[in-house]
Q: 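Sending over a structure as structure tokens; questions will come in a sec.
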Amino acid sequence: MKEGGIKPDVVTYNTLIKGYCKIGKTRKATEMVREMEVINLEPDVVTYMTIMQACYSEGDVDCCLSLYHEMEDKGFQVPSHCYTLLICGLCKTGKVLEAYALFENMLRNGCKGNKAVYTALIDCYGKSGNSDGALRLFERMKMDGIEPDEVTYGAIVNGLCKSGRLEEALGYFRFCNENAVVVNAVFYSSLIDGLGKAGRVDEAEKVFDEMAEKGCLPDSYCYNALIDGLCKCGRIADALVLFKRMECDGCEHTVYTFTILISELFRVHRNEEAVKMWDLMIDKGITPNVACFRALSIGMCLSGKVARACKVLDELAPMGVVLETAYEDMIGALCKAGRVKEACKLADGIVDRGREIPGKIRTVMIHSLRKAGNADLAIKLMHSKIGIGYDRMRSVKKRVKFQTLVDN
DNA sequence: TTAGGGTTAG
């Protein structure tokens, strides 16, 4: 800064930092804080909160925590919103105990709980299987003078459904209907999913129809939950009808829709239709993920089409889709089905083509055999030279193949 | 002339 020029103050820096955060340059924003310290300009609460907000948006809870500790060390008055971000961040990552501890801190330091914090905590308790804890927080929230809304009720119902407490979930649904709490599609999808998973798909269908009547359009979550429920009850024909209707109603199919149907079609041995589903998905430009390919590859492997599964996987790479655990899933599925010979053949093929490090495939084979209850072969593999001692400079022929494990 | 949060999936 030039002598006699106007020196930037903390507000100038905060504005600049906010700008960097806005364009996603959080690191640069953090560097600005160090720059401030160099020119003896103290960052203030707004500085910290601006960066913390950016870290929160990026899902970096550790960064939020260290900023919080830095604020505490400096003796700053920690604002309520800081606790909110930390608690919500911890809840998102499933750290229910840490989140609750911070909630206690928040209250101890004179801040009041709010809707977001209570809802996040209720959701986190529910997801960790502690619905009673969630309900206790729900009561405390009301005692605290904070009115639960459709999001809070959504979290409560989702938690209850996930722990099989359907009747109580339905009770809250009735309560909302009777007390003018207009529930949203998220709420409905949790309920439809819960009913479907509990084998009460008729009721799930009723709820699905009811929501449209009430002016709440079902979204892809609702469709997928009902399609899944219909499949689980063996009503695949109805699931396929709904699959068609979904598109007609203007609701996009998702990778979840296809995964549900591909799994189910393979399960009932309608293998070619399952493969057609996959092709349809690719044609529609929907990117498969690990779980979707797992459904396809396991189905193919168990119907004797291991090479075909490998071919599909190879076709994905040029599309920019890299599925880390694809081979592990296939080897695991074959071992689980007792088809160790095919698993070994697959393992050799993967290594022969240089697709994976031999040592990794060896570990996968040992784990898969053990998991499938075939401890004898797992131990035999462990004490053998199979799959190790191979490098690219040597002839592939010298390597001991996985197949020798089951040859004699 | 600066910081703003919560719920749904195979």
Side-chain angles (χ1 to χ4, degrees), chain A residues 8-22 29 32 43-57 64 67 71 76 78-92 99 106 111 113-127 134 137 141 146 148-162 172 183-194 196-197 218-229 231-232 239 254-264 267 288-296 298:
Chain A
D9 65 358
V10 70
V11 177
T12 319
Y13 267 98
N14 287 348
T15 310
L16 208 57
I17 285 168
K18 165 92 182 174
Y20 278 122
C21 289
K22 249 186 171 162
M32 296 298 291
D44 64 4
V45 171
V46 177
T47 319
Y48 280 100
M49 289 310 295
T50 307
I51 298 174
M52 190 184 281
Q53 189 68 48
C55 291
Y56 178 80
S57 305
C64 294
L67 287 165
M71 283 168 81
F76 287 161
V78 177
S80 169
H81 188 62
C82 174
Y83 289 108
T84 304
L85 290 180
L86 292 170
I87 294 164
C88 293
L90 287 167
C91 284
K92 268 188 194 150
M106 178 179 188
C111 300
N114 57 52
K115 235 178 228 189
V117 167
Y118 273 110
T119 305
L121 281 167
I122 287 168
D123 178 60
C124 195
Y125 270 85
K127 282 204 179 97
L137 272 160
M141 173 180 185
I146 297 157
D149 62 9
E150 74 279 7
V151 181
T152 320
Y153 281 104
I156 289 278
V157 162
N158 186 48
L160 287 170
C161 284
K162 291 284 183 300
Y172 281 101
V183 301
N184 56 25
V186 179
F187 183 112
Y188 278 112
S189 78
S190 294
L191 198 55
I192 293 165
D193 189 62
K197 291 225 168 32
D219 61 6
S220 67
Y221 286 82
C222 297
Y223 276 97
N224 291 343
L226 188 53
I227 289 172
D228 185 57
C231 287
K232 294 271 181 309
T254 71
V255 66
Y256 287 85
T257 324
F258 284 100
T259 309
I260 294 161
L261 289 169
I262 289 168
S263 305
E264 182 60 12
R267 202 185 64 79
N289 56 20
V290 173
C292 190
F293 180 75
R294 182 185 298 141
L296 179 82
I298 290 176

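Since the structure is predicted, the reported quantities are computational estimates derived from the model, not experimental observations.
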Q: Looking at Lys92(A), does any N or O in its side chain come under 4.0 Å of the phosphate oxygens OP1/OP2 on dG5(B)?
A: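 Looking at the OP1 and OP2 atoms of dG5(B), neither is under 4.0 Å from any side-chain N or O of Lys92(A).
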Q: Tell me: CG of Asp149(A) to P of dT7(B), nearest whole Å?
A: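 My rounded result for the distance is 12 Å.
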Q: Under 4.5 Å between any side-chain heavy atoms of Cys292(A) and Ile262(A), yes or no?
A: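 Yes, their side chains come closer than 4.5 Å.
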Q: Please pick, from dG10(B), dA9(B), dG6(B), the nucleotide with the shortest atom-to-atom distance to any side-chain atom of Lys115(A).
A: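 The closest nucleotide is dG6(B).
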Q: Specify the separation, in whole Å, of atom CG of Asn14(A) and atom P of dT2(B).
A: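 Taking CG of Asn14(A) and P of dT2(B), I get 10 Å after rounding.
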Q: Once you round it to whole Å, what is the distance between C1' of dT2(B) and CD of Gln53(A)?
A: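 One finds 13 Å between C1' of dT2(B) and CD of Gln53(A), rounded.
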Q: Within less than 4.0 Å of OP1 or OP2 of dT8(B), is there a side-chain N or O belonging to Lys197(A)?
A: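 No, Lys197(A) has no side-chain N/O under 4.0 Å of OP1/OP2 on dT8(B).
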Q: Among dG5(B), dT2(B), dA9(B), which nucleotide sits nearest the side chain of Asn224(A)?
A: dA9(B)
Q: Just compare dG10(B), dT8(B), dT1(B) and give me whichever is closest to any side-chain atom of Val11(A).
A: dT1(B)
Q: Record whether the side chain of Asn114(A) comes under 3.5 Å of the base of dG4(B) through a donor-acceptor pair of N or O atoms.
A: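 Result: no qualifying N/O pair found.
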Q: What's the OH-C1' distance between Tyr83(A) and dG5(B), to the nearest Å?
A: 16 Å
Q: Look at all strands and tell whether Val255(A) reaches a base, only sugar-phosphate, or nothing, counting heavy atoms closer than 4.0 Å.
A: base
Q: With a 4.0 Å cut-off on heavy atoms, is Lys22(A) in touch with a base, just the backbone sugar-phosphate, or nothing at all?
A: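 Lys22(A): no heavy atom of the nucleic acid under 4.0 Å.
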Q: So what does Phe187(A) touch, heavy atoms closer than 4.0 Å: a base, only the sugar-phosphate, or nothing?
A: nothing
Q: Answer with base, sugar-phosphate or nothing: what part of the nucleic acid does Cys292(A) contact at a heavy-atom distance below 4.0 Å?
A: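 Answer is base: heavy atoms of Cys292(A) come under 4.0 Å of a base.
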Q: If you check the Val186(A) side chain, which of dA3(B), dT8(B), dA9(B) turns out closest?
A: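 My answer, after comparing the listed nucleotides, is dT8(B).
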Q: Let me know the distance between OH of Tyr48(A) and C1' of dG4(B), rounded to the nearest Å.
A: 19 Å
Q: With hydrogens left out and only the distance checked, is there a donor-acceptor pair under 3.5 Å joining Asp228(A)'s side chain and the base of dG10(B)?
A: no
Q: Looking only at side-chain atoms of Tyr256(A), point me to the closest of dA9(B), dA3(B), dG6(B).
A: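 Ranking dA9(B), dA3(B), dG6(B) by closest atom to the Tyr256(A) side chain puts dA9(B) first.
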Q: Pick base, sugar-phosphate or nothing for Asp123(A), based on heavy-atom distances below 4.0 Å to the nucleic acid.
A: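 Touches sugar-phosphate only.
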Q: Separation of Tyr221(A) atom OH from dA9(B) atom P, in whole Å?
A: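 Whole-Å distance recorded here is 7 Å.
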Q: Could you walk me through whether Tyr221(A) and Val186(A) pass side chain to side chain contact (heavy atoms under 4.5 Å, CB included), step by step?
A: CA-CA 8 Å; Tyr221(A) 286 82; Val186(A) 179; over 6 Å; no
Q: To the nearest Å, give me how far apart OH (Tyr125(A)) and P (dT7(B)) are.
A: 16 Å
Q: So His81(A) and Val45(A), do their side chains get closer than 4.5 Å, heavy atoms only?
A: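 Counting from C-beta outward, Val45(A) and His81(A) never come under 4.5 Å.
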Q: So do the side chains of Met106(A) and Val78(A) get within less than 4.5 Å of each other, counting heavy atoms only?
A: no
Q: Report which part of the nucleic acid Asn184(A) touches: base, sugar-phosphate, or nothing (heavy-atom distance under 4.0 Å, all strands).
A: base
Q: Can you tell me how far C1' of dA9(B) sits from CG of Asp193(A), to the nearest Å?
A: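 Asp193(A) atom CG is separated from dA9(B) atom C1' by 6 Å.
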Q: Return the nearest nucleotide to the side chain of Lys18(A); candidates are dG6(B), dG4(B), dG10(B).
A: dG4(B)
Q: Regarding Ala291(A), tell me which of base, sugar-phosphate or nothing describes its non-hydrogen contacts under 4.0 Å with the strands shown.
A: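 Ala291(A): base contact, heavy atoms under 4.0 Å.
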Q: Set out, in order, the CA-CA distance, both residues' side-chain angles and the distance that settles side chain to side chain contact (heavy atoms under 4.5 Å, CB included) for Phe187(A) and Asn184(A), then state yes or no.
A: CA-CA 5 Å; Phe187(A) 183 112; Asn184(A) 56 25; 3.6 Å; yes
Q: Look only at the side chain of Asp149(A) and the backbone of Thr152(A), and say whether a donor-acceptor pair between them is shorter than 3.5 Å.
A: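 Checked: pair present.
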Q: Go through Lys197(A) and Lys162(A) one step at a time and tell me if the side chain to side chain contact (heavy atoms under 4.5 Å, CB included) criterion holds.
A: CA-CA 9 Å; Lys197(A) 291 225 168 32; Lys162(A) 291 284 183 300; over 6 Å; no
Q: So which nucleotide from dA3(B), dT2(B), dG10(B) ends up closest to the side chain of Thr50(A)?
A: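 The closest nucleotide is dA3(B).
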Q: Classify the side chain of Ser189(A) versus the base of dT8(B) as yes if they form a donor-acceptor pair under 3.5 Å and no if they do not.
A: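 Result: at least one qualifying N/O pair found.
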Q: So, OP1 or OP2 of dG6(B): does either fall under 4.0 Å of a side-chain N or O from Tyr56(A)?
A: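 Yes, within the criterion.
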Q: Have a look at Ser263(A) and say if it touches a base, only the backbone sugar-phosphate, or nothing, with a 4.0 Å heavy-atom cut-off.
A: nothing
Q: So what does Thr152(A) hit on the nucleic acid, given a heavy-atom distance under 4.0 Å: a base, only sugar-phosphate, or nothing?
A: base
